[in-house]
Amino acid sequence: MIRKALILGLASLSLAACGATTQGALAGGAMGAAAGAIIGNNTGSGDARTGAIIGGAIGAAGGAYAGCRSEGTCVWDQNNPHQSRLYTDQRTGGQYYLDDRDGCSYWRNGQLRAC
């Protein structure tokens, strides 16, 4: 169980690649861990540690998603005034955009391409 929770936690932290996203993931992880510990301690087997790990992982993933949504960096959105049109990378064929707030380029799914 602990192994699964650690894998889930590491996977959720991969969402936290950029500034606001990291801040959201940390806040969400802390709140999720606290809530998970309380719920885990008061229900079922009374295992606060497992509840905290699972709650932290879920909170980190939710916080990372909320952070990138508020900054508009999750995915390319034609209505976001800070994102350029989509370009095609000649080498990989993948689509990317430029963000005028930080000058970096991001793949269409929001992952950092280059700064």
Undergrad: Look up atom CZ in Arg91 and atom OG1 in Thr88, then write down how far apart they are to the nearest 0.5 Å.
TA: 13.5 Å
Undergrad: Just to verify, what does Ser84 make a side-chain hydrogen bond (donor to acceptor under 3.5 Å, both in side chains) with, not counting sequence neighbours?
TA: none
Undergrad: Report the distance from atom CZ of Arg85 to atom OH of Tyr96, rounding to the nearest 0.5 Å.
TA: 8.5 Å
Undergrad: Cys104 and Asp99: side-chain contact (heavy atoms from CB on, under 4.5 Å), yes or no, with the steps?
TA: CA-CA 6 Å; Cys104 297; Asp99 189 321; 5.6 Å; no
Undergrad: In Å and rounded to the nearest 0.5 Å, what is the OH to SG distance from Tyr106 to Cys115?
TA: 5.0 Å
Undergrad: If you measure from OH on Tyr97 to CZ on Arg108, what distance do you get to the nearest 0.5 Å?
TA: 10.5 Å
Undergrad: Check the hydrophobic clustering (I, L, V, M, F, W, Y; side-chain heavy atoms under 4.5 Å; chains of links allowed) and say if Trp107 and Leu86 are grouped together.
TA: no
Undergrad: Go through the structure and list residues passing salt bridge (Lys or Arg N to Asp or Glu O under 4.0 Å) with Arg113, not counting sequence neighbours.
TA: Asp89
Undergrad: Under a 3.5 Å threshold, yes or no: a donor from one side chain and an acceptor from the other, between His82 and Asp100?
TA: yes
